[in-house]
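Read through the structure below, which is laid out as structure tokens, and then see the notes.
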Amino acid sequence: MKKIETIIRPEMLGIVKSALEDMGLSGMTITRVEGRGRQKGLVQKYNGKEYHVDFLSKVKIEVYVDDKEVERAITVIQEAAATGQVGDGKIVIIPLEDVIRIRTRERGSKAL
């Protein structure tokens with residue numbers, strides 16, 4: 001089992017969410033986050049003055065998947081989130097030792 005954490009542009013959330021649901025991954029956690037990578041923020045103008053925004057709004061999506069679904073989930077996320085521009089985001093794959101559904105006490109893949 002793996003946890004897939006994806007950081008994307010906020011405007012891509014609906015597309016990525018729908019793509020994950022279409023592949024059968026309906027359970028996910030969405031968090032609004034701020035960060036920066038190679039973009040290093042941006043310069044904006046307001047009332048004729050320039051100011052630097054260091055951290056940009058992003059969305060983090062977390063899903064838990066069985067090992068056999070990892071590559072398919074990665075492909076779905078990449079295809080849905082890509083704009084071809086700097087700042088499209090990152091995908092991180094994290095091994096899971098165990099998952100437990102509290103209500104039924106199921107463990108492992110059954111709890112996903």
Side-chain angles (χ1 to χ4, degrees):
M1 297 175 298
K2 303 284 190 277
K3 176 181 178 181
I4 300 175
E5 287 186 3
T6 306
I7 306 289
I8 60 169
R9 299 170 182 270
E11 63 269 20
M12 303 309 286
L13 175 59
I15 297 166
V16 174
K17 178 181 154 289
S18 294
L20 289 169
E21 288 174 340
D22 289 347
M23 76 165 276
L25 292 175
S26 59
M28 61 189 77
T29 301
I30 309 297
T31 310
R32 304 242 177 237
V33 297
E34 290 185 350
R36 68 179 244 184
R38 289 190 178 165
Q39 275 179 298
K40 296 184 178 133
L42 36 95
V43 176
Q44 294 184 337
K45 284 190 175 187
Y46 181 74
N47 285 339
K49 292 184 178 182
E50 285 189 356
Y51 65 97
H52 193 321
V53 178
D54 281 333
F55 296 99
L56 303 175
S57 294
K58 300 288 182 179
V59 173
K60 179 165 71 168
I61 303 171
E62 298 172 78
V63 295
Y64 305 117
V65 298
D66 206 39
D67 287 332
K68 63 182 184 258
E69 296 292 329
V70 172
E71 289 304 317
R72 191 170 127 208
I74 291 168
T75 300
V76 164
I77 293 166
Q78 285 176 320
E79 290 176 359
T83 67
Q85 303 295 315
V86 173
D88 277 350
K90 297 273 189 292
I91 299 172
V92 178
I93 312 303
I94 303 163
L96 293 177
E97 185 174 320
D98 202 0
V99 176
I100 303 163
R101 179 175 286 130
I102 295 171
R103 178 179 54 88
T104 63
R105 299 177 195 253
E106 293 170 302
R107 294 182 83 132
S109 296
K110 291 178 183 178
L112 294 178

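Note that this is a predicted model, so its numbers are computed, not measured.
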Does a side-chain heavy-atom distance below 4.5 Å link [X] with [Y]?
{"X": "Ser57", "Y": "Arg32", "result": "no"}
{"X": "Ile61", "Y": "Ile4", "result": "no"}
{"X": "Thr6", "Y": "Val16", "result": "no"}

**Message:** Keeping Asp67 on the side-chain end and Met1 on the backbone end, is there a donor-acceptor pair under 3.5 Å?
**Reply:**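 Answer holds: yes.
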**Request:** Keeping the roles fixed (side chain from Lys58, backbone from Gly87), state whether a donor-acceptor pair exists under 3.5 Å.
**Result:**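 Such a contact is found between Lys58 side chain and Gly87 backbone.
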**Request:** Look up atom CE in Met28 and atom CD in Glu21, then write down how far apart they are to the nearest 0.5 Å.
**Result:**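 Rounded to the nearest 0.5 Å, the CE-CD separation comes out at 5.0 Å.
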**Message:** Within this structure, what is the NZ-OG1 distance for the pair Lys60 and Thr31, rounded to the nearest 0.5 Å?
**Reply:**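 Nearest 0.5 Å value for the NZ-OG1 distance: 5.5 Å.
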Specify the closest pair of heavy atoms between [X] and [Y], including all atoms of both residues, with the distance to one decimal.
{"X": "Asp66", "Y": "Ser109", "result": "OD1-OG, 2.6 Å"}
{"X": "Arg101", "Y": "Thr104", "result": "CD-OG1, 3.4 Å"}
{"X": "Tyr64", "Y": "Leu112", "result": "CB-CD2, 3.5 Å"}

If you look only at distance, which donor and acceptor atoms sit under 3.5 Å apart when one is on a side chain in residues 92-100 and the other is two or more places apart or in another chain?
residue: Asp98; atom: OD1; partner: Gly108; partner atom: N; Å: 3.2
residue: Asp98; atom: OD2; partner: Arg107; partner atom: NE; Å: 2.8
residue: Asp98; atom: OD2; partner: Arg107; partner atom: NH2; Å: 2.5

Is it the case that one hydrophobic cluster holds both [X] and [Y], taking links as side-chain heavy atoms less than 4.5 Å apart, direct or via other members?
{"X": "Ile8", "Y": "Leu25", "value": "yes"}
{"X": "Phe55", "Y": "Val59", "value": "no"}
{"X": "Val63", "Y": "Ile30", "value": "yes"}

**Asked** Quick check: are there more than 12 heavy atoms from other residues, nucleotides or ligands sitting under 6.0 Å from NZ of Lys2?
**Response**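 Yes, enclosed.
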**Request:** Apply the test side chain to side chain contact (heavy atoms under 4.5 Å, CB included) to residues Met12 and Asp88: give CA-CA distance (whole Å), side-chain angles for both, the deciding distance (0.1 Å), then the verdict.
**Result:** CA-CA 9 Å; Met12 303 309 286; Asp88 277 350; over 6 Å; no
When the side chains of residues 70-82 are checked against the rest of the protein, which donor-acceptor pairs come out under 3.5 Å, sequence neighbours left out?
residue: Arg72; atom: NH1; partner: Glu69; partner atom: OE1; Å: 3.3
residue: Arg72; atom: NH2; partner: Met23; partner atom: O; Å: 2.9
residue: Thr75; atom: OG1; partner: Glu71; partner atom: O; Å: 3.0

**Asked** Is it the case that Thr83 and Gln85 place a side-chain donor and acceptor less than 3.5 Å from each other?
**Response**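 Checked: Thr83/Gln85 side chains show no N/O donor-acceptor pair below 3.5 Å.
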